[in-house]
Amino acid sequence: MSVDPTLLDDLEARGLIHDTTDRAALAERLAAGPVTVYVGFDPTADSLHVGNLIGLLTLRRFQDAGHRPISLAGGATGMVGDPSGKSDERNLLDDDALAANLAGIVPQLRQFLDFEREGNPAKLLDNRAWTVGVPYLVFLRDVGKYITVNQMMAKDSVRSRLEGTDGISYTEFSYMLLQAHDFSWLFENEGCEMQMGGSDQWGNITAGTDLIRKKGMGKAHALTWPLLTKEDGTKYGKTAGGETLWLSADRMSPYRFFQAWIQVEDAEVRKLLLQLTLLPVAAIDALMAEHEAEPHRRQAQRRLAEELSTLVHGAEATAAAVAASDVVFGGKGAPNDGALALETVKVLAGEIPTASLARSSLDTGDVPALLAEAGVAASKGEAVRLIKQNGVSVNGAKLSGESTIDENDLLHGQFLLVRRGKKSVSLINFGKD
RNA sequence: GGGUCGGUGCCCGAGUGGUCAAUGGGAGCGGACUGUAAAUCCGCCGGCUUCGCCUACGGAGGUUCAAAUCCUCCUCGGCCCA
């Protein structure tokens, strides 16, 4: 089995290396042959989100380079809660919630890696398997003895909690030990020599490499990537509107996911292409050159959205999102109602927010009330304002204060296509007669 | 436990008896310009049966023609002392 010797350089070029243990030794080890490497994902919700994408993709990059990736679902650690990046003590998840979260996450972990690949198939493990039955005394002897409290308190997230007024529970304080134990267990039982994670995981990861070294088990490696941030340094992971970018179609529709990436600003797009897609660096450079020549075509954003949608939701859902986007944003301004085929409307209904209202809602002739009822505006007052500000169009025509809507306006006798502002489009379905 | 300062709209923060749905900033929303970008500019930004009414300035009472503003109690938070 041969490995791709350019892996580390590629990661470097993508800006994906924040820190590593002994870089020369790591490079040497990676060049020598397949390495088993893991990334942990704690089931804090029933879906992963963009914050987890780098981890998933980095594992994928390792697999594509010939190494053996392990996705670790944190069935045990998720119960305790990682204090990293948290200013408050977490609520413990009960068993049912944890099981539900795992059930949501495991398929997502699966889809990024190849579990059948000849030579270096991926593995998916749950740390609960080797954690749940460990007696406390054994844990203290085999893990706790090797890690000093001094080291644990050196961690920023722990220190800030110690200095704060609310403190930190012994449970969360112990999180680092659990993660170190995972690494040493995987090292011993799966031949896993390397752990990766976001830069906030550095302390937790090196606790593992230290434990492995102190127990005389051998040499383990670590790599962290920078947390995904925007140009201004704030955390990525939300849309401009503040929505979390979930990977689950139930939590965020493929259309909205797609749109979120289309709307990325120029300053961010190169970095996102590098870190969140599998496109070769050279291809990204070429794409960016194209983009800079004709920025209004938004080729870079489009490609980013297509690549990510395909990775997360698959080719079919991506095609539907593209089709819906073309209808909504394809023409100059609003879609042309006459040209909107019933089939297209039906595709849209699956992709954009759709409200179902009773036909009787049309009877009053009160347009603002209708918009409020459909959720286009938060209140009737807001709807009135939006109309006054020229912010609403129905079936492609701007509404004015005098506009009315009746049965004759329904597309295919059933739908209204409502645009609010530039970016937000929704459908109101009045059902068949 | 004592003292003291404070709790104002999504957030920060003015306002200390009427002129207050409440100054200002941020966020958000709409518009213009554009490229579903950025920057900039303009407007909006509690609700409604919208030239008026209702609900709101931690909670409950009270004084007053009139309270976010004064009084009482309660509650929560900061700081100081024990």
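All of these numbers come straight from a predicted model, not from anything done at the bench.
Spacing between atom CD1 of Ile262(A) and atom P of rG35(B) amounts to 16 Å, rounded to whole angstrom units. The CG-C1' distance, from Asp266(A) to rU34(B), rounds to 12 Å in whole Å. Per the geometry, NZ belonging to Lys422(A) stands 15 Å off C1' belonging to rG43(B), to the nearest Å. To the nearest angstrom, P of rA37(B) lies 10 Å from CD of Glu265(A). Taking atom CD on Glu290(A) and atom P on rA37(B), their separation rounds to 20 Å, with Å as the unit. Straight-line distance from the CG atom of Leu304(A) to the P atom of rU36(B): 17 Å, rounded to whole Å. Arg303(A) has its CZ atom 21 Å from the P atom of rU36(B), to the nearest Å. If you take NZ of Lys388(A) and C1' of rG30(B), they are 12 Å apart, rounded to a whole angstrom.
The salt bridge (Lys or Arg N to Asp or Glu O under 4.0 Å) contacts involving residues 382-396 of chain A comprise Glu382(A)-Arg420(A), where partners must be two or more places apart or lie in separate chains. Counting only residues at least two apart or in different chains, salt bridge (Lys or Arg N to Asp or Glu O under 4.0 Å) contacts with residues 272-281 of chain A are absent.
Between Lys423(A) and rA37(B) there is a side-chain polar atom (N or O) within less than 4.0 angstrom of OP1 or OP2. Residue Arg420(A) places at least one side-chain N or O closer than 4.0 Å to OP1 or OP2 of rG30(B).
As judged by a 4.0 angstrom heavy-atom cut-off over every strand, Arg298(A) is placed among the base-contacting residues. Heavy atoms of Leu386(A) sit under 4.0 angstrom from primed sugar atoms or phosphate atoms, though from no base atom. Within the nucleic acid shown, Glu294(A) has no heavy atom closer than 4.0 Å to any nucleic acid atom. Asn390(A) comes within 4.0 angstrom of sugar-phosphate atoms only, judged by non-hydrogen atoms across all strands, and of no base.
Mapping Arg297(A) and Arg385(A) onto RNA chain B via the closest heavy atom, the residue that lands nearer the 5' end is Arg297(A). The residue among Pro295(A) and Gly391(A) whose nearest nucleotide of RNA chain B is located toward the 5' end is Gly391(A).
Base pairing of rU72(B): its partner is rA60(B), meeting the Watson-Crick or G-U wobble criterion (both donor-acceptor distances under 3.5 Å). Judged by Watson-Crick or G-U wobble contacts below 3.5 Å, the nucleotide rG77(B) has rC5(B) as its partner.
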| Is there a side-chain contact (heavy atoms from CB on, under 4.5 Å) between Gln179(A) and Ile205(A) once you walk through the steps? | CA-CA 7 Å; Gln179(A) 192 163 330; Ile205(A) 295 174; 4.0 Å; yes
| message | Please evaluate residues His181(A) and Phe139(A) with respect to the criterion side-chain contact (heavy atoms from CB on, under 4.5 Å), reporting the C-alpha separation (whole Å), side-chain torsions for both, the decisive distance (0.1 Å), and the verdict. | response | CA-CA 9 Å; His181(A) 178 235; Phe139(A) 187 80; 3.9 Å; yes
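Residue Lys145(A) places its NZ atom among 12 or fewer non-hydrogen atoms of other residues, nucleotides or ligands, all under 6.0 Å distant.
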Show each protein N/O and nucleotides 48-52 of chain B N/O combination with a separation under 3.5 Å, one pair to a line.
from	atom 1	to	atom 2	distance (Å)
rC48(B)	OP1	Lys380(A)	N	2.9
rC48(B)	OP2	Gly381(A)	N	2.8
rU49(B)	OP1	Lys380(A)	NZ	3.4
rU49(B)	OP2	Lys380(A)	NZ	3.1

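Side-chain contact between Leu223(A) and Val37(A): absent, with no pair of heavy atoms (C-beta onward) separated by less than 4.5 Å.
Only the C1' atoms considered, rU4(B) is 27 Å distant from rC11(B), to the nearest whole Å. rA68(B) and rU16(B): their P atoms are spaced 14 Å apart (whole Å). Taking atom P in both rC48(B) and rG2(B), one finds a spacing of 47 Å when rounded to whole Å. For the P atoms, the distance from rG25(B) to rC44(B) is 12 Å, rounded to whole Å. Spacing of C1' atoms, rA27(B) relative to rA82(B), comes out at 43 Å, to the nearest Å.
Residues passing the ring-ring contact (aromatic ring centres under 6.0 Å, His included) test with Phe258(A), sequence neighbours excluded: none. Contacts of Ser403(A) classified as side chain to side chain donor-acceptor pair (under 3.5 Å), with partners at least two apart in sequence or in another chain: Ser400(A). For the ring-ring contact (aromatic ring centres under 6.0 Å, His included) test, no residue two or more places apart in sequence or in another chain qualifies with His221(A).
In this model, a side-chain donor or acceptor of Gln389(A) finds a partner on the base of rG43(B) within 3.5 Å.
With rU36(B), rG31(B), rG35(B) as the candidates, the nucleotide lying closest to the side chain of Gln263(A) is rU36(B).
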